[in-house]
Structures are given as structure tokens and as C-alpha cells.
Amino acid sequence: VIWGIHKSFHGFHTAPWKLRFQSSGVGAPRWNDNDMPEEFNFASYVVDYWAQMEKEGQRDPTPAFWWINGRGEEVKWSFGEVTDLTRRVANVFTQNCGLQQGDYLAVILPRVPEWWLVAVGCMRADEQGLKPTAVKRELKQAVLFSSTGIIFMPGTTQLKVKDILYRLQMSKAKGIVTTDDLAPAVDSVASECPSLKIKLLVSDHSRKGWMDFRSLIKSASPEHTCIKSKVMDPMTIFFTSGTTGFPRMAKHSHGLALRSSLPSRKLLQLKTSDILWCVSDPGWILAVFGCLLEPWTSGSTVFSHNLPQFDPKVIIQTLSEYPITQFIAAPMVFRMILQQKLTRFPTLEHCCTGGEALLPEVHEQWKQQTGLLLHEVYGQSETGLTCAVFRGMKMKLGSMGKAISPYDVQIIDGKGNILPPNTEGNIGIRMKPTKPFGLFMCYENNPEKTAEVECGDFYNTGDRATVDSDGYFWFLGRSDDVINASGYRIGPAEVENALAEHPAVAESAVVSSPDSTRGEVVKAFIVLTPQFLSHDRDQLTKELQEHVKLVTAPYKYPRKVEFVSELPKTVTGKIKRNELRKKESGQM
Ligand code: BCO
């Protein structure tokens with residue numbers, strides 16, 4: 001039981017709501033496709049709206065949030081409870097922690113209920129939030145306030161000490177929220193992060209130097225007036241890998257959340273009675289979309305299973321035992337489920353996948369074994385959802401569907417010229433003359449990289465594709481050296497830097513390599529230092545893999561290793577990764 005909140009807390013099941021809407025009632029969108037309201041805040045416009053609907057008896061008596069952990073613990077919250085708890089969290093941030101609007105908060109949490117509270121609490125946080133509105137108005141007239149909340153920066157729990165240090169230093173984060181598992185790593189680098197003032201621990205135990213998040217929430221006031229954020233005010237940052245260097249900070253505005261409210265985004269056609277389970281790690285934009293924005297915008301139930309380790313058998317069991325109606329996961333998850341003995345899932349109606357290309361045969365097998373279609377979505381940390389096979393739309397096998405409004409998605413050449421149908425080029429999103437909401441604002445503190453991805457009037461995704469005359473996009477691959485393995489975007493330099501720290505590695509080149517199970521995996525070509533030349537290669541491979549898992553997030557480790565005497569290079573000494581990639585895909 002999470003700090004006393006379980007299904008009987010606040011008596012969700014006994015709430016005497018009167019049903020005015022049928023259980024099939026679709027969550028009404030309140031904006032049109034190209035409307036750009038001046039203000040938008042997911043906490044007040046969505047969460048509080050549904051809390052009010054509940055109060056008026058206009059929403060099904062299904063929970064807003066349903067969490068299990070496989071060890072018999074369960075949490076169920078109504079929207080009213082989410083409103084109450086996230087207001088408390090906003091007060092914890094602003095009153096107990098002294099965080100201010102625009103401060104950065106690193107959030108490195110597994111799938112625990114507090115992840116939702118932190119995200120929404122950040123969105124609504126206003127350091128004047130406890131003051132009556134009239135007083136706030138007067139204060140605002142006196143001082144020019146920023147109108148954003150606290151900017152939350154999700155990160156996967158696979159991050160290691162160096163990754164955490166890099167993130168805290170790059171962002172100058174004022175605070176971090178994490179669990180017992182990663183607190184020692186944070187402590188080991190905290191002295192190198194002068195901006196870090198607040199450490200919040202999600203745990204049943206206390207730890208020296210850390211604030212106890214759970215007890216602070218319990219004792220905080222549930223009164224908090226949500227910040228009036230503008231659509232283009234910053235809301236969140238995702239760290240995302242590029243071809244060179246370390247991950248960049250893709251900064252998003254509240255417009256990212258507004259996109260979920262558009263009528264054209266009848267992507268999943270969620271109803272208030274739907275129960276949506278998205279298994280993405282909370283560190284990725286897919287989780288922000290699938291575990292938070294999309295389901296709650298429609299007033300649906302978010303389902304979550306705190307899986308410490310990925311196990312397809314547990315996924316199958318959960319889909320069979322709980323009344324889940326919609327399921328979102330990376331293609332790799334569907335591939336792993338298909339390797340098991342499947343049963344049909346009694347309540348499942350709709351499945352959606354994204355993060356890496358979906359192979360047509362996976363779609364076919366899924367359809368055969370479950371009777372359900374697999375709907376592909378495409379997007380990046382910079383763009384959020386960009387293309388999709390909408391529910392009910394005609395499906396073209398192998399296509400990732402059509403552009404999602406308000407994005408104008410085109411296939412462009414290297415100068416930003418629009419290419420005709422069925423011509424290979426880069427996927428571009430129009431950003432001039434007007435940047436659409438939902439598209440990232442910039443790479444924080446990195447105007448060079450931000451400028452690099454601008455191409456004429458477009459944001460250049462760096463992904464190659466074609467579009468047919470019906471507007472369906474067909475993904476082809478990356479135009480650069482970035483690797484997409486199991487739905488993770490991995491910069492080769494991050495893996496090469498980790499390998500370089502091992503005494504056996506003189507130099508290395510990391511590229512993607514096709515793989516029958518995982519689609520693509522990370523492969524390292526390694527030139528050994530003289531003293532390791534006589535070492536057992538299998539042993540060395542294992543040692544290097546374990547080494548990478550230790551120094552950086554383990555999902556990046558090279559699943560394939562090849563020892564070579566030299567690396568192919570240009571006359572200026574640049575590694576020709578392209579050549580290695582071609583060799584891997586059998587083109588050479
Ligand atoms: O393969 P190994 O068993 O040797 O190693 C695995 C893990 O066991 C290991 N590991 C994980 N945590 C560790 C650890 N080792 C040491 N310490 C830790 N704390 O490291 C390896 C990690 O690989 P993995 O994450 O691929 O593991 P696994 O278990 O095979 O997981 C499979 C998937 C499918 C669950 C996982 O790959 C996954 O979640 N993929 C999806 C990622 C995703 O959601 N991408 C979406 C990004 S957002 C986006 O693209 C926009 C789309 C709209």
C-alpha cells in the first residue's frame with residue numbers, strides 16, 4: 001500500500017456518483033484542430049475538468065488511475081483524488097521545497113503512482129498557489145510573473161551515475177525525485193551539481209539529506225490555485241540522443257498536452273469507460289502520451305503495472321486478468337509476446353505501437369493470434385506523435401499512417417523543398433511561418449543543434465520515408481548514425497565513449513545491425529589495445545558488455561561485438577559508420 005492510499009482511501013468505490021452520461025460517452029474535445037487558445041494547462045483544463053464531471057455525476061464511476069505491482073498492492077484514484085493529491089504535490093514543491101516557476105526538476109521514477117503526481121503537480125505549481133486569487137491578481141500587477149509551472153524532466157531508471165550527473169549539470173536542475181535504488185547514485189554526484197538544492201525520496205524509508213515525499217504529500221494543503229500557463233510556456237524536457245555527443249534537452253511547451261485534446265486526434269477513440277495500459281518506461285515521451293495525456297484527456301482510466309523487469313508472461317497474464325480495453329507498447333513488446341503461447345484477451349479492443357518500425361509480419365501474426373489489429377504511431381521526443389494509423393482508418397500494411405493535425409508533415413529534400421509522392425526524403429514538419437504547438441521549442445542551451453535541425457520552413461526529423469498519393473507515410477530509416485533499437489534512440493558516441501573507458505578498447509565504432517528478434521541492435525566494432533590482443537574474445541565480449549551496462553544506461557549496451565584490426569576512415573580521419581552499417585545490412 002502506497003502511503004496508505006489504496007482502493008478504500010477516499011472511498012472511491014463508495015462515491016455516490018449519479019450517472020448522467022452513458023458509460024460509452026466519448027470525452028468531449030473542447031478545442032478545434034487549429035485553435036490555439038492563449039492559455040492551457042493540463043492540470044486545470046483536463047484533470048480538474050474531469051474531477052468536476054465526476055462531482056456532477058457526469059462521468060462513469062471508473063477510476064482515473066488504477067495501479068498494481070504484482071505483489072498484491074493496488075492503488076485506485078478518482079479524478080477528484082488526483083486533483084486533491086496533485087494540488088498537495090504542487091504545494092510540496094512550492095512551499096516545502098521552495099521551487100519556483102520555471103525551475104527544473106529531474107524525475108527518475110519507475111512506474112510508481114508518484115510519477116503521475118509529480119508530472120501533474122509540476123504542471124500546476126504556482127508559488128502563489130496557496131494565496132487567494134484576488135491577492136494573486138494584485139501581486140501579478142506588481143511583479144511580472146512567469147506563467148509556467150515547474151518543468152519536469154523524466155528519465156529512465158536505467159540511468160547510471162554518469163548519466164544522472166550529466167542531466168543534473170546540463171539542466172542546472174534545482175531538484176530531483178527518485179527512489180531508494182538511485183538515491184546513492186545521486187548522492188555520489190550531488191557535490192558536483194551546485195544548482196541541486198532539493199532531493200525528494202519516494203520510499204517507505206527515510207534517507208539522510210532527502211525529503212520524504214510521501215509524508216510531505218500527506219501533510220500538505222489540498223488548496224492550490226493552478227498556474228495560468230500560456231500554451232507556449234515550457235512544461236517538460238526530454239533528453240534525446242543525437243549523432244554526436246551526449247543527449248540533448250528537447251524542451252516542450254504546454255502545447256504538447258493541448259495536442260491530445262484535438263478532435264482530429266481521435267487516434268484511439270477513447271471513451272470514459274476505456275482502460276488504457278501503456279507499458280512504456282516513464283522516462284520516455286511515449287509514457288507521457290500513453291500513460292498520462294491521451295487517456296486523461298478523454299476521461300479514461302490509466303492502468304499501470306509496476307513491472308520491475310520486463311516479462312512477456314506477466315504482460316499476457318495482466319491483459320487476460322484485468323479489464324484492459326486498450327494497450328500501447330513498443331513493437332519489440334508485441335514481438336516478445338508473440339513468442340509466448342497466447343490466448344485471446346477477453347476485454348482488449350485496440351492496440352497501438354510506436355517507438356520503432358513495425359514489421360508487417362508482426363502485425364499479421366498479432367492479428368492471427370489475437371484477432372486484433374496493430375495500429376502504428378510515429379513520433380520523436382522532439383515532435384510527440386506525428387503520424388498514426390487512427391482507429392477505424394483504412395490500414396495499409398507497412399505504413400505508419402497519416403500526419404496528425406496540426407502538423408503539416410511533408411517529405412523534404414536537404415534544402416527543405418517538398419518532394420513529390422513516392423520519392424524518398426526526410427520527414428519534415430512545417431514550422432514556418434508558424435511553429436505548430438506540440439513541436440518542441442528548442443534544444444535547451446543549444447542554439448547550434450536547434451539550428452541544425454531546421455531545414456527551410458521545416459523541422460527535419462532526420463528520419464527517411466516516402467509518402468504516397470493518399471497521404472500515407474512509409475518509414476525507411478535514419479538519415480544519420482542514430483540507432484533505433486527496441487524503441488530506444490541511441491547515439492553511437494554515447495556507447496563509444498563508454499567503451500573508450502575500458503582499457504581493452506583502443507577505438508570503436510558503433511552502428512545499428514539488423515536482428516531477427518529485436519529488429520535492430522547496437523553493434524560495436526572494436527580495435528583492441530595491444531595488451532588485450534591475446535585475450536579470449538568471447539570472454540572479452542561479455543566483459544565489455546557488462547562494462548557498458550555499468551557506466552551508462554544498460555539499454556545501450558552492444559548486443560553484438562566484432563573485433564577488427566582497424567576501422568574504415570575518411571582521409572580526414574572520420575570513421576565511416578555508413579560503410580559499417582552497409583556491411584551489417586548486407587549491402588557490401
Ligand atoms: O538483454 P539483457 O537481459 O542482457 O539486458 C537488458 C536488461 O536486463 C539490462 N538492465 C535493465 N536495467 C538494468 C539492467 N542491467 C543493469 N542494471 C539495470 N538497472 O540491460 C538490458 C536493457 O535492455 P532493454 O531495456 O531493451 O531490456 P529488455 O528487458 O529486453 O526490454 C525489452 C523492452 C521491449 C521492454 C524494452 O526494450 C523497451 O521498453 N523498449 C521500448 C522503449 C520505448 O518505450 N521507446 C519509446 C520511446 S518514445 C518514442 O520513440 C516516441 C514514439 C511516439
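Read the numbers this way: they start at 1 and go in the same order the structure lists the ligands and their atoms. Treat the numbers as computed from the prediction; the structure is a model and nothing was measured.
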key: F525 six-ring centre to K560 NZ/CZ under 6.0 Å and within 45° of normal   = no

ask   = Do we get R259 above Y407's six-membered ring, with its NZ or CZ under 6.0 Å from the centre and within 45° of the axis?
value = yes

Part of [X] within contact of ligand 1 (heavy atoms, under 4.0 Å):
X	value
K556	neither
R559	side chain
S486	both
L385	side chain
E382	neither
F289	neither

Give the atom numbers and elements of ligand 1 that come within less than 4.0 Å of a heavy atom of [X].
X	answer
M332	34 (C)
I285	48 (S), 51 (C)
W284	43 (C), 44 (O), 47 (C), 48 (S)
V333	34 (C)
G487	42 (C), 43 (C), 45 (N), 46 (C), 47 (C)

query = So is Q545 in contact with ligand 1, going by heavy-atom distances below 4.0 Å?
reply = no

ask   = Under a heavy-atom criterion of less than 4.0 Å, does R518 contact ligand 1?
value = yes

message = For atom 9 (C) of ligand 1, what's the nearest protein heavy-atom neighbour? Residue, atom name and distance, please.
response = P554 CB, 3.9 Å

Atom 7 (C) of ligand 1: nearest protein contact (heavy atom, Å) = K549 NZ, 4.9 Å

ask   = Would you say the ring centroid of F238 lies under 6.0 angstrom from that of W284?
value = no

